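Here the structure is a predicted model, which is why all the values come from computation and not from measurement. Basis for what follows: all heavy atoms, side chains included, without hydrogens, waters or symmetry-related copies.
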Amino acid sequence: MGGKAADAVGLLAGVALDAAFGDPRRFHPVAGFGTAAGALERRLYAPHRAAGAAFAAVAVGVPVLAGVAAHVATRHRPVTRAVLVAAATWTVLGGRTLRHEATTMAKHLKQADLEAARGRLNHLCGRDPSTLDEPELARATVESVAENTSDAVVAPLFWGAVAGLPGLLGYRAANTLDAMVGHRSPRYARFGTAAARLDDALNLVPSRLTAALTILAAPTVNGSRAEAARVWRRDRADHPSPNAGQCESSMAGALGVRLGGRNVYFGRSEVRPFLGDGPRPSAGHIKRAAKLSGTVGLLAAGLAATVAATRAGVAAAAGHAVRRTRRGGGR
């Protein structure tokens with residue numbers, strides 16, 4: 001295996017591992033990181049932004065430095081590099097698990113088993129399911145699939161493509177911190193600001209790439225590219241998140257449904273603008289959303305491998321040019 005292909009091969013192998021096995025059921029590294037980050041939070045917590053910034057810097061900085069060290073150590077060991085990238089990619093991806101949870105929810109709703117569906121919702125999002133009916137459970141699922149196609153699939157692949165091991169580990173660390181402390185609550189209103197802003201910044205490009213790939217793949221679920229693009233252009237900025245609206249609006253257009261509305265969390269509620277036209281989602285739309293998410297993931301994997309190989313080739317050519325210049329200068 002050539003050194004230029006190591007990251008690309010590792011990314012594709014990691015995607016294949018995720019497709020075959022999903023998340024590791026025991027000793028998941030991301031769960032271990034969450035435990036360590038929780039311990040660090042207890043040591044650094046204070047109800048102001050400076051403490052939250054220090055927490056985010058340490059919690060994300062350590063995995064990034066570990067990735068840099070591994071990158072340097074495997075500079076001349078392409079097989080070892082590919083294995084490490086494959087393992088890291090498998091660890092940070094969540095595509096199969098996302099699709100599995102969505103199809104499980106669709107099965108419960110199709111069987112009219114609202115109790116089981118409500119009990120399953122916390123596998124996908126943090127909304128209070130106790131009063132949700134079938135259309136609202138379906139909407140929550142489709143919205144979660146749309147957003148997490150970016151967060152759990154496209155964004156990790158994007159950062160792995162452009163930054164290798166440090167990108168894979170750093171992105172997943174930042175995204176995990178956002179889930180832990182980036183939400184609005186009395187405890188994290190200020191402490192979680194840095195983690196939330198960092199996650200927003202890291203997802204600016206991936207969320208828009210997710211929207212573009214969703215529009216491109218719309219015909220695979222009998223959707224219209226033109227309609228998906230129209231809804232995306234019209235509604236993408238209506239969502240309070242700078243990134244979620246990109247994914248949800250394109251998904252709404254591709255499926256021909258209307259997303260948005262009142263979301264009830266534990267202790268608070270938010271009213272979101274409507275995204276898209278057409279009926280509220282149903283179990284059938286969830287299955288189509290899961291299929292579309294899988295197609296977007298495959299397109300993102302191919303694109304990521306191409307970018308990684310191109311990046312490595314450019315870096316190798318630049319290094320060769322520098323060495324030639326140094327040899328010429330020494331004469």
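For the atom pair Thr141 OG1 and Lys287 NZ, the distance stands at 13.0 Å (nearest 0.5 Å). Distance check: Leu259 CG to Met251 CE gives 8.5 Å after rounding to the nearest 0.5 Å. Here the OH-OG1 distance, from Tyr171 to Thr176, works out to 9.0 Å after rounding to the nearest 0.5 Å. For the atom pair Arg118 CZ and Met105 CE, the distance stands at 10.5 Å (nearest 0.5 Å). For the atom pair CG (Leu84) and CG (Leu165), the distance works out to 6.0 Å, reported to the nearest 0.5 Å. Arg120 CZ to Glu101 CD: the interatomic distance, rounded to the nearest 0.5 Å, is 4.0 Å.
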Does the side chain to side chain contact (heavy atoms under 4.5 Å, CB included) test come out yes or no for Arg81 and Asp7, once each step is laid out?
CA-CA 7 Å; Arg81 168 76 66 79; Asp7 280 3; 3.3 Å; yes
Full working for side chain to side chain contact (heavy atoms under 4.5 Å, CB included) between Leu177 and Asp199:
CA-CA 8 Å; Leu177 288 193; Asp199 184 70; over 6 Å; no
Apply the test side chain to side chain contact (heavy atoms under 4.5 Å, CB included) to residues Val30 and Thr91: give CA-CA distance (whole Å), side-chain angles for both, the deciding distance (0.1 Å), then the verdict.
CA-CA 7 Å; Val30 175; Thr91 296; 3.9 Å; yes
Please assess Leu299 against Leu303 for the test side chain to side chain contact (heavy atoms under 4.5 Å, CB included), listing each intermediate value before the final yes or no.
CA-CA 6 Å; Leu299 293 173; Leu303 184 60; over 6 Å; no
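Residues Leu298 and Leu292 do not share a hydrophobic cluster, clusters being chains of Ile/Leu/Val/Met/Phe/Trp/Tyr side chains in contact below 4.5 Å. Connection of Leu169 to Val68 is not established within any shared hydrophobic cluster, with ILVMFWY side chains joined at heavy-atom distances below 4.5 Å, either directly or through further cluster members. Under the 4.5 Å side-chain heavy-atom criterion for grouping Ile, Leu, Val, Met, Phe, Trp and Tyr, Val162 is not connected to Leu204 through any hydrophobic cluster. Hydrophobic cluster membership is shared by Leu40 and Phe191, with clusters built from Ile, Leu, Val, Met, Phe, Trp and Tyr side chains linked at under 4.5 angstrom. Linking ILVMFWY side-chain heavy atoms closer than 4.5 Å, directly or via other members, places Leu132 and Leu124 in a single hydrophobic cluster.
Between Trp159 and Pro206 there is a side-chain heavy-atom pair separated by less than 4.5 Å. Contact check for His100 versus His123: no side-chain heavy atoms found under the 4.5 Å cut-off. Looking at Ser150 and Asn203, their side chains come closer than 4.5 Å, going by heavy atoms from C-beta outward. Leu114 has its side chain within reach of Glu134: a pair of non-hydrogen atoms, C-beta onward, lies under 4.5 Å apart. You'll find the side chain of Arg258 stays beyond 4.5 Å of the side chain of Leu275, heavy atoms only. Using a 4.5 Å cut-off on side-chain heavy atoms (C-beta onward), Val221 and Leu255 make contact. Side-chain contact check for Lys107 versus Gln111: some heavy-atom pair is nearer than 4.5 Å. Residues Leu137 and Arg127 fail the side-chain proximity criterion, which asks for heavy atoms closer than 4.5 Å.
When only modelled atom types and interatomic distance are considered, His239 and Arg272 share a side-chain donor-acceptor pair under 3.5 Å. A side-chain donor from one of Ser282 and His285 sits under 3.5 Å from a side-chain acceptor of the other. Residues Ser207 and Asn243 have side chains that bring a donor and an acceptor to within less than 3.5 angstrom of each other. Using modelled atom types and a 3.5 Å distance limit, the side chains of Asn148 and Ser144 yield a donor-acceptor pair.
At a threshold of 4.0 Å, the pair Arg280-Glu136 counts as salt-bridged, since one of the basic side-chain nitrogens sits closer than that to a carboxylate oxygen.
Membership of the apolar cluster around Ile215 extends to Trp232, as traced through chained side-chain contacts below 4.5 Å between ILVMFWY residues. Cluster note: Leu17 groups with Phe21, Trp90 through ILVMFWY side-chain heavy atoms spaced under 4.5 Å, whether in direct contact or through intervening members.
A donor-acceptor contact shorter than 3.5 Å is absent between the side chain of Thr74 and the backbone of Arg77. No donor-acceptor pair closer than 3.5 Å links the side chain of Arg96 to the backbone N or O of Asp18. Panel note: side chain Thr97, backbone Gly94; no donor-acceptor pair is recorded below 3.5 Å. Although no hydrogens or angles enter the test, the distance criterion places no donor-acceptor pair under 3.5 Å between the side chain of Asn263 and the main chain of Glu270.
Across all non-hydrogen atoms, the minimal contact from Pro156 to Leu93 is CB-CD2, 4.0 Å. Gly170 approaches Val64 most closely through the heavy-atom pair CA-CG2, 3.6 Å. Of all heavy-atom pairs between Ala194 and Ala53, the closest is CB-CA, 3.6 Å. Of all heavy-atom pairs between Val85 and Gly10, the closest is CG1-C, 3.6 Å. Scanning all heavy atoms of the two residues, the minimum distance from Arg233 to Arg236 falls at O-NE, 3.9 Å. Between Ala88 and Leu168 the shortest heavy-atom distance is CB-CD1, 4.0 Å.
Residues meeting the ring pair (Phe, Tyr, Trp, His ring centres under 6.0 Å) test with Phe33, sequence neighbours left out: none.
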Side-chain donor-acceptor pairs of residues 55-62 under 3.5 Å, sequence neighbours excluded:
none

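Residue pairs meeting the side-chain hydrogen bond (donor to acceptor under 3.5 Å, both in side chains) criterion with at least one partner in residues 292-302, sequence neighbours excluded, are Thr149-Ser293. For residues 43-70, no pair satisfies side-chain hydrogen bond (donor to acceptor under 3.5 Å, both in side chains), with sequence neighbours left out.
Residue-environment remark: CZ (Arg234) exceeds the threshold of 12 foreign heavy atoms within 6.0 Å.
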